[in-house]
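Below: the structure, in structure tokens.
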Amino acid sequence: MIKKYWIEDLAQAEGQKVEVEGWLHRVRKLGKLAFILIKDKTGIVQGVITGKPPFLAEISGEQAVRVTGTVTPSKQQPLGVEIQVEEIEVLGPVLQELPFELNQAEISAGLEHVLDHRVLSLRHPKTASVFKIQSGIIKAFRQFLDKEKFTEIHTPKIVATGTEGGSELFEIKYFDQKAYLAQSPQFYKQMAVGSGLQRVYEVGPVYRAEPHNTSRHLSELISLDLEMGFISGLEDILKLEEEMLRYIFAYLEEYHSQDLALFDATLPEVKTIPRLTIKEIGSILEKEYKKPLEILDLDSESERLISQYVKKEMGSDFLFATHYGKDARPMYTQPSAHDSDVTESFDMIFRGLKMNSGAQRVHEYDVLVNNIKEKGLDPAEFASYLEIFQFGMPPHGGYAIGVERLVIKILNLSNVREAVLFPRDRFRLTP
RNA sequence: GGAGCUGUAGUGUAGAGGCCUAACAUGCCUGCCUGUCACGCAGGAGACCGAGGGUUCGAAUCCCUUCAGCUCCGCCA
């Protein structure tokens, strides 16, 4: 029995006859000698075919193949070895011309075309790396929070009402009732905190029916959500996020440096992240960029500008913008004790783009009911959410990160859709 | 929802009233080549220039309609 190897491990098999499975990345025929590049998910190896064996006529790029041969040393090859090919079995043939070239350093095709043929674009090592890195971020997120005694939960994505009344919801048919796709696990994760799980997180999809059509919006995105009970204030949440980011970037550096190397990207250094209140940001923007804030909220241009400023003046890629205005935040956000105009809320801005919002939440029943009324909503509709607030709800808070945005800012990609396996946007529903 | 821009072989681009029987690169097909590594060389196929209408002696090129896409804004992660 011939032993099967992952390509990245082939150096250990020098001198042995091995079997490798993968896809043909490139075929170079030079008369009675041919070179092939075989890729699997771990790497690429060169195969050498001497003479003109019968299988040579059958092979071409992107076929799924099983290659048998002997591993020999080769100084010029990245792995230090190559395979003297004896046999190639085509497991999955290619039946038509490829929609774009997969063996160049970059896929040179428009994003729309790439996404129309998503499965094939994922065959490209660089595209695949985007998702290996995304997987690494999520794994690090889980590891860090597990260590901090959080419990991973899964909340319903089919819900009866919206959470904040703000962003638009997809309506769906639920037997004979009307239902919606959840735009956030917000209520459920708070309920879980009050339930005694105390610290919870969730990795899952959220849905936004906003008809926006930009390079940073999706209709379905993966939200990294967490909520923590018994906090003394907003600062506890900020500290948690700071440590979490440090953990995630250290993890990427350790386990994904090869994936990262394919991109024009440098991992950020997470020192103490500057905290600036919206009011402070307002005066900086006015002084530095002649752009005063009209309300206690940031538009995307302000986010870009203040992010530039913080990078230049404080040397940080990150910023916590804190204490947003009451009108700019949902009803479950804790109002500030020292200033009734603002809330104990924050956004984390990374390289000019908002990554997440978070806050200390209201935990007092009366305040919450009152806030609901102030936003023009009916407390009766929130009965199932409100129940736990009458049975020992601790002070708590949390945040939610859009993982796609984090990925594009780490990798210096220009469109969030590049960071989704099968994106759903304003117009795209397939593949 | 609003504004601006773009649609030309499989892919990426050039052409901006007559030079177009539409060019270049790459991919594809055929042949040659025993150390290539973006292999090379020779040959070949492949586009009614997004669609429909109009202006003009003449339209890929100008105008209108329509469809598709991109960017930005609003809003959000």
Side-chain angles (χ1 to χ4, degrees), chain A residues 25-37 44-52 56-57 60-62 72 74-79 82 84 94 96-117 120-121 124 163-169 183-186 204-225 295 297-304 324 328-330 346-350 353-358 399-409 414-417 419-420 425-428:
Chain A
H25 188 59
R26 189 185 294 279
V27 177
R28 279 192 284 264
K29 295 179 185 175
L30 285 73
K32 292 194 194 67
L33 177 72
F35 297 94
I36 58 172
L37 295 180
I44 295 182
V45 69
Q46 173 165 277
V48 185
I49 301 165
T50 40
K52 275 194 174 177
L56 189 62
S60 67
E62 300 308 326
T72 56
S74 172
K75 282 200 185 95
Q76 292 91 330
Q77 294 304 312
L79 292 171
E82 61 188 9
Q84 304 301 320
V94 170
Q96 48 175 296
E97 192 173 349
L98 299 166
F100 35 71
E101 289 144 57
L102 285 169
N103 52 18
Q104 308 293 316
E106 307 279 339
I107 294 178
S108 81
L111 182 58
E112 194 59 23
H113 187 69
V114 166
L115 293 177
D116 282 342
H117 304 276
L120 269 177
S121 70
H124 192 278
T163 40
E164 0 220 315
S167 86
E168 307 222 4
L169 298 163
Q183 49 137 272
S184 150
Q186 183 61 34
V206 297
Y207 300 89
R208 305 289 162 91
E210 297 286 339
H212 35 44
N213 188 21
T214 77
S215 57
R216 58 180 199 283
H217 286 102
L218 296 162
S219 302
E220 180 180 58
L221 60 115
I222 300 295
S223 178
L224 305 182
D225 255 273
I295 49 169
D297 195 5
L298 300 179
D299 57 34
S300 54
E301 190 193 10
S302 303
E303 285 167 2
R304 263 198 308 278
Y324 282 75
R329 291 287 160 150
F346 78 103
D347 278 1
M348 192 275 277
I349 299 166
F350 174 43
L353 186 63
K354 187 202 283 192
M355 291 293 122
N356 65 258
S357 58
Y399 56 85
I401 304 177
V403 75
E404 296 84 358
R405 287 192 176 184
L406 189 56
V407 170
I408 64 166
K409 280 297 161 180
S414 57
N415 195 310
V416 267
R417 279 164 252 214
V420 188
D425 60 38
R426 177 74 181 79
F427 299 104
R428 179 174 293 279

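Chain identifiers are assigned alphabetically (A, B, ...) following the order of the sequence lines, protein sequences preceding nucleic acid strands; residue numbering begins at 1 within each chain. Quick note: numbers below take in every heavy atom, side chains included, and nothing from hydrogens, waters or symmetry partners. Please read these numbers as outputs of a predicted model, since none were measured by experiment.
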Interatomic distance where CG belongs to A:Asp116 and C1' belongs to B:G10 [whole Å]: 14 Å
Looking across every strand, which nucleic acid part, if any, lies under 4.0 Å from A:Lys354 by heavy atom: base, sugar-phosphate, or nothing? sugar-phosphate
Does OP1 or OP2 of B:C73 have a side-chain N or O of A:Arg304 closer than 4.0 Å? yes
N/O (side chain, A:Arg216) to phosphate O (OP1/OP2, B:C73) under 4.0 Å: yes
Counting just side-chain N and O atoms, does A:Ser215 come under 4.0 Å of either OP1 or OP2 of B:C72? yes
Where RNA chain B forms stems, i.e. three or more consecutive Watson-Crick or G-U pairs with both distances under 3.5 Å: B:1-7 with B:67-73, B:10-13 with B:23-26, B:28-32 with B:40-44, B:50-54 with B:62-66
Between A:Ile49 (CD1) and B:U36 (P), how many Å, whole number? 16 Å
Mind listing the closest non-hydrogen atom pair of A:Asp347 and A:Ser357 along with its distance? OD1-CB, 2.9 Å
Any A:Thr214 side-chain N or O less than 4.0 Å from OP1/OP2 of B:U71: no
Under a 4.0 Å threshold between the charged nitrogen and the carboxylate oxygen, would A:Arg428 count as salt-bridged to A:Asp116? yes
Return the nearest nucleotide to the side chain of A:Ser300; candidates are B:G27, B:U34, B:C73. B:C73
B:A25 versus B:A38 - spacing of their C1' atoms, nearest Å: 12 Å
Quickly work out the A:Gln183 CD to B:A77 P distance and round it to whole Å. 8 Å
Ion pair present between A:Glu220 and A:Arg208, side-chain N to carboxylate O less than 4.0 angstrom? no
Does A:Asn103 place a side-chain N or O at less than 4.0 Å from the phosphate oxygens OP1/OP2 of B:C37? no
Tell me whether the side-chain N or O atoms of A:Gln46 pair up with the base of B:U36 as donor and acceptor below 3.5 Å, since no angle test is needed here. yes
Return yes if the base of B:A77 and the side-chain atoms of A:Arg208 contain a donor-acceptor N/O pair under 3.5 Å, otherwise no. yes
